[in-house]
Amino acid sequence: MKPVIASIHHHKKYYCIGSVLLSTILASIVLFNSSFKTEARKTKPNVIVILLDDAGYADFGFMGSKDLQTPNIDQLANKSIIFKDGHVSASVCSPSRAGLLTGKYQQRFGYECNEGDGYTGMDNSQTLIPQFLLQQGYATAAFGKWHLGFEASQHPLKKGFQYYYGFLSGGRSYFYQPKKDDRDGAKNALFENNTQVKFNGYLTDVLGDKAIDYIQKNKHQPFFMYWAPNAVHTPMEASENDMKLFENHPRQKLAAMTFALDRAVGKMVNELKKQQIFDNTIIIFLSDNGGAHNNQSSNLPLKGFKGNKYEGGQRIPFFISWPKAIQQKKIFNGLVSSLDILATVLDAAGAKTTLQKTQTDGVSLLPYIYGTKKGSPHEQLVWRKDAAMAIRYKQYKLIHVKQLEDRLYNLEKDPGESKDVKQEQPAVYKLMKEKLNQWQIDKQKPIWTEGAVWDTITLMIHDDLMNNRKVRVRNPEELQNFKKKNIQ
Ligand code: CA
């Protein structure tokens, strides 16, 4: 303030005539300036959700990776709140996305399994984060993988996104393939809004560039960007240049794909800084499920992988960056869920009344980010996909799979989930069984399932993991071979 007042006096000295008028103008400038600043402080933050696909718990520098290079993501994470006990609501792509975007256990509307027999996609009576944010004056955009339904009424443009650049299916090539993924009308084809488009180069780079265009065009208003690249889901494809950078690397393809992903994130962050909107942009970084068995990923020291109820299936790399509120790295150990994103974002957007009126299974993480609340945002979290269920309660985790014997683990003492403690802790075991049953009361049955083949595979994987054995069968091809061998 002082320099401004000094300059008013300075001006008064030299302009005696009309000095009253002048000082009025200057005073208004001062007032305008201060109210502008107050207004600016109140400005709604931009929100970018970076939702990766099948990324491993351990596959980023900030998560302890020694062999993969993620300098840009690490730089961002190093000034963020990092959730070490952060989870998605499903260990496979499609239901995980349904939970995140609605802020509800997806079993509330039957969206329990990955795309399979009788798949119907997103229940259109649900309200998604971008639909709430449109009401708050946000511009909204979705990039990359959708995987929430193929009906016209389930298209991103009908679900609250004003702009869309991506593909509707669960996966595709990272390169333009006119005879395969990009043939006319293919589910995997790339679309800009309603128009099928060609693209040049590597898809992760393209999605990054499109995000930068969007930031440039929308920098003057708050925006919500759902940036969901298919990286690092199969097919394992990287650009020649990136492959060269990692010659002789034991996980060459994943290293190259992850490096491209990191480059895209770095470019987005640089653009935000260049446009001077980085400080008030919330970046929520996570993976839709744990590392998969088929993409060279690592979930260590966690047990299990994408698709099963062990921690490697649904505990994910997860952080929130918001320079305005978080200036230095903070490790958060409380139990956190992707279901919290909706409440956190609405809270940050100043939509408290809307939030109060909205049914959500999440909580706003803002008080934990500000440090005004301590402890764990959740006492319990539950996962269910058809026959396989798990419940986390405080430090305990119960895994219940139909036809198999239950397992109870103490994650505090046994983060690798190898020692069943249900005999030692009968009271805890009983309580958690009750809590799991309680949770199921107001949830629906799955509208579709993944079919008999995947049911068998999922059961066999759990049987092996629950008995601390090497997993025999991980996909339909391995199941075929296993059956052949065992019939002979
Ligand atoms: Ca996934």
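Order of listing sets the numbers, starting from 1, for every ligand and every atom in it. This is a predicted model, so every value here is computed, not measured. Numbering starts at 1 and runs along the sequence shown.
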Consider only side-chain N and O atoms of H462 and D464, and report whether a donor and an acceptor are under 3.5 Å apart. no

What is the number of protein N, O or S atoms that sit under 3.0 Å away from the Ca ion (ligand 1)? 6

Do the non-hydrogen side-chain atoms of N114 and Y119 ever get within less than 4.5 Å of each other? no

Identify which one of W383, Y393, Y105 satisfies the ring-ring contact (aromatic ring centres under 6.0 Å, His included) criterion when paired with W439. Y105

Contacts of type ring-ring contact (aromatic ring centres under 6.0 Å, His included), residue F199, not counting sequence neighbours: Y176

Contact list for residues 157-180, test salt bridge (Lys or Arg N to Asp or Glu O under 4.0 Å), sequence neighbours left out: R172-D182

For D213, all residues meeting salt bridge (charged side-chain N to carboxylate O under 4.0 Å, His left out), sequence neighbours excluded: none

